[in-house]
Undergrad: 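This is the structure, below, for whatever I ask next.
Residue numbers start from 1 in every chain, and the chains themselves are labelled A, B, ... in the order their sequence lines are given, proteins ahead of strands. Below, all heavy atoms of this structure are taken into account, side chains as well, without hydrogens, waters or symmetry copies.
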Amino acid sequence: MENAVPTEQGRETFRLLLLSWYRLNARDLPWRQTRDPYRIWVSEVMLQQTRAATVVDRYTQFIERFPSIASLALAREEDVLALWSGLGYYRRARMLHSAAQLLMKEHGGSLPKSSLELRRLPGVGDYTAAAIASIARGEAVAVVDGNVERVLMRVLGKGAGPRSASAARLKQAANELLDQGAPGTFNQAMMELGATVCLPHGPLCGSCPVREFCRTQGEHPARPRKQMVSVKSHYALVKKPMGNGGRHVEVLLVQRQPDASQMPGMWELPTLGDHDLIESKASEPVLRIRHAITNKNFYVQVFPLEAETFRGLSSASDSETQDWVAANKLPEIALTGLARKILMRLDVFAKPRQVRQGKALPGADDEFL
DNA sequence: GATACGTGGGC
DNA sequence: TGCCCAAGTAT
């Protein structure tokens, strides 16, 4: 493969330029203020397929609640999932939790040092193992995530054929480029460059510290797109006053099947079939929203129902676990992202702290009709 | 290697 | 009632 940084001298210049750019431009993110392997691990798992901006608050809350491997290991899985609610890819949380328990049992409660050993933990793949080892332990191993892959493809150019872009070639290129003296910082700098300058669309080549080494100046092949599918779904909002002068309410929730492929064991509003809608004589929905999950658009309508009405419906006798949950306990429940969104919009969810100012609260974007 | 797994934000 | 995709992993 032809290489825009073929000589060691070229690579060294690349490193210096990248690292000095990073020193000036690194975003101030909470997990960058520590080298605690546990915290790095938590942040890396949260960051899998998830934007840094989304992770910031969740990371802070998570670390506050589970400051150590031991505290995480001792927690109940449902409490871990409750903190993960809305982040998606819930398997990550389960694996993080089970890995913490494994470490308590078999590794003296600490994370292994090498990327090779880290790689054996559930939920820790090549990327995460390299990230933890390089950032927290200074191991000279390069990470290749989506950002690094894009940066390298652009810097190195397409090369001779499809093989040149294989994972193995990219990993090799990344390791040749790696700064042996500061692997953790170098890795983060490469990712930061991808996340903030070498963007998938409209890369900011004018601001790129290593543009002199770049063969392509920003070209990037488009990926095949996937067809979106539309699905309609209906949910019931069943409330019951709790006393206290009617100030507090309880909401009826159901738990998804433990063997469901999506969001197993998570809690959501009771679903209503078409038959239920007729049967319940439901009138107008209190809420219509769109909720996208991977390649499916859910067009969701929420109908307010009296407890007694709901009890009479066929769906109510399904074998799912049901429970009344006090509104002020909702933050402790492992809700699906959709359930969380609905309860927030309808002002049932006791909002933790965030005060929104100057913004129209109903998110507008995914509201429909 | 392909596919499933969630969600929010940007345009 | 769009489309992309983000600090991936497991199967």
Side-chain angles (χ1 to χ4, degrees), chain A residues 26-27 29 31-32 40-59 81 84-96 98-99 118-132 134-135 142-151 162 166-168 174 184 187-196 198-202 220 222-233 256 260-264 266 268 288-301 334-341 344 363-369:
Chain A
R27 289 168 296 175
L29 299 167
W31 48 90
R32 288 186 173 157
I40 302 297
W41 177 33
V42 170
S43 72
E44 290 301 341
V45 173
M46 283 192 174
L47 286 162
Q48 290 167 8
Q49 297 291 284
T50 310
R51 292 171 196 282
T54 308
V55 169
V56 170
D57 285 346
R58 299 315 191 86
Y59 168 83
L81 285 170
W84 211 271
S85 165
L87 267 184
Y89 289 125
Y90 299 101
R91 200 172 45 177
R92 292 183 295 174
R94 296 178 208 276
M95 290 189 295
L96 187 67
S98 68
L118 287 162
R119 180 67 180 78
R120 297 202 205 108
L121 293 171
V124 177
D126 287 344
Y127 164 77
T128 305
I132 300 170
S134 64
I135 297 170
V143 301
V144 181
D145 71 334
N147 285 314
V148 175
E149 178 182 326
R150 185 174 58 256
V151 170
S166 75
N187 281 333
Q188 292 185 81
M190 286 287 279
M191 294 189 281
E192 190 80 349
L193 188 70
T196 64
C198 196
L199 304 168
H201 301 288
H220 189 56
R223 295 189 194 180
R225 59 168 92 133
K226 288 183 185 157
Q227 183 80 38
M228 283 299 265
V229 177
S230 291
V231 182
K232 285 181 183 171
S233 60
R256 296 173 62 81
S261 76
Q262 288 189 32
M263 301 163 278
M266 305 286 287
E268 61 185 354
R288 298 161 182 263
I289 55 173
R290 188 182 57 152
H291 186 72
I293 292 187
T294 13
N295 63 334
K296 278 190 187 142
N297 269 327
F298 288 93
Y299 291 91
V300 175
Q301 300 192 40
L335 299 167
T336 66
L338 174 56
R340 167 175 294 262
K341 185 150 85 176
M344 288 269 216
D365 239 19
D366 43 14
E367 222 104 12
F368 69 103
L369 268 205

Undergrad: Considering every strand and a 4.0 Å limit on heavy-atom distances, what is the contact class for D126(A): base, sugar-phosphate, or nothing?
TA: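 Here D126(A) touches the backbone only, sparing every base.
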Undergrad: From the set dC5(B), dG8(C), dG8(B), return the single nucleotide nearest to any side-chain atom of S261(A).
TA: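 For the S261(A) side chain, the nearest candidate turns out to be dC5(B).
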Undergrad: Who pairs with Y127(A) by ring-ring contact (aromatic ring centres under 6.0 Å, His included), at least two apart in sequence or on another chain?
TA: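 None.
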Undergrad: Which comes earlier along DNA chain C counting from the 5' end, the contact point of N147(A) or that of A292(A), where each point is its nearest nucleotide?
TA: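 Result of the comparison: A292(A).
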Undergrad: Suppose we screen for ring-ring contact (aromatic ring centres under 6.0 Å, His included). Which residues come up paired with W41(A), at least two apart in sequence or across chains?
TA: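 So W41(A) forms no ring-ring contact (aromatic ring centres under 6.0 Å, His included) with any residue.
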Undergrad: Taking the C1' atom in each of dG8(C) and dG1(B), what is the distance between them to the nearest angstrom?
TA: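 Their C1' atoms lie roughly 16 Å apart.
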Undergrad: Does T336(A) get its side chain close enough to the base of dG6(B), under 3.5 Å, for a donor-acceptor pair?
TA: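 In this structure, the two groups form no donor-acceptor pair.
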Undergrad: Test T128(A) against every option in R92(A), Q48(A), E44(A) by the side chain to side chain donor-acceptor pair (under 3.5 Å) rule and name the one that passes.
TA: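 Testing T128(A) for a side chain to side chain donor-acceptor pair (under 3.5 Å) against R92(A), Q48(A), E44(A) leaves exactly one candidate, Q48(A).
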Undergrad: Can you tell me which nucleotide in dG9(B), dT9(C), dC4(C) comes closest to the side chain of R91(A)?
TA: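 Minimum distance to the R91(A) side chain belongs to dT9(C).
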Undergrad: In whole Å, I'd like the distance from the CZ atom of R288(A) to the P atom of dT1(C).
TA: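 So the two atoms are 15 Å apart, to the nearest Å.
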Undergrad: Which nucleotide in the set dG8(B), dT9(C), dG6(B) lies at the smallest distance from any side-chain heavy atom of T128(A)?
TA: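 For T128(A), the side-chain atoms sit closest to dT9(C).
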Undergrad: Measuring to OP1 and OP2 of dA10(C), would you say a side-chain N or O of Y89(A) lies under 4.0 angstrom away?
TA: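 Answer is no, no contact under 4.0 Å.
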Undergrad: Counting side-chain heavy atoms from CB outward, which of dA6(C), dA7(C), dG6(B) is closest to Q262(A)?
TA: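 The answer is dG6(B).
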Undergrad: Could you check whether T54(A) gets within reach of a base, just the sugar-phosphate, or nothing at all, counting any heavy atom under 4.0 Å?
TA: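 Nothing, no nucleic acid heavy atom in range.
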Undergrad: To the nearest 0.5 angstrom, please state how far the CD atom of E268(A) sits from the OG1 atom of T336(A).
TA: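 Interatomic distance, E268(A) CD to T336(A) OG1, rounded to 0.5 Å: 5.5 Å.
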Undergrad: Return the nearest nucleotide to the side chain of R119(A); candidates are dG8(C), dG9(B), dA10(C).
TA: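 When the side chain of R119(A) is considered, dA10(C) is the closest of dG8(C), dG9(B), dA10(C).
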Undergrad: Among the candidates dG6(B), dA7(C), dG8(B), find the nucleotide nearest to the side-chain atoms of A195(A).
TA: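 The nucleotide sitting nearest to the side chain is dA7(C).
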Undergrad: Say you pick atom P in dG8(B) and the same atom in dT1(C); how far apart are they, in whole Å?
TA: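 Result for the P pair: 22 Å, nearest Å.
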Undergrad: For dC5(B) versus dA7(C), give the span between their P atoms, rounded off to a whole number of Å.
TA: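 The answer is 22 Å between these two P atoms.
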Undergrad: Between dC5(C), dA7(C), dC5(B), which nucleotide gets closest to the side-chain atoms of T294(A)?
TA: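 Closest nucleotide among those given: dC5(B).
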Undergrad: When you measure from the side chain of Y127(A), which nucleotide among dT7(B), dT9(C), dG6(B) comes out closest?
TA: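 Output: dT9(C).
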Undergrad: Distance criterion of 3.5 Å, no angle test: do you see the side chain of R92(A) paired donor-to-acceptor with the base of dA6(C)?
TA: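 Not at all, since no donor on one side and acceptor on the other fall under 3.5 Å apart.
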Undergrad: Quick check for you: to the nearest 0.5 Å, what is the distance between S230(A) atom OG and K296(A) atom NZ?
TA: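 Between atom OG of S230(A) and atom NZ of K296(A) there are 11.0 Å.
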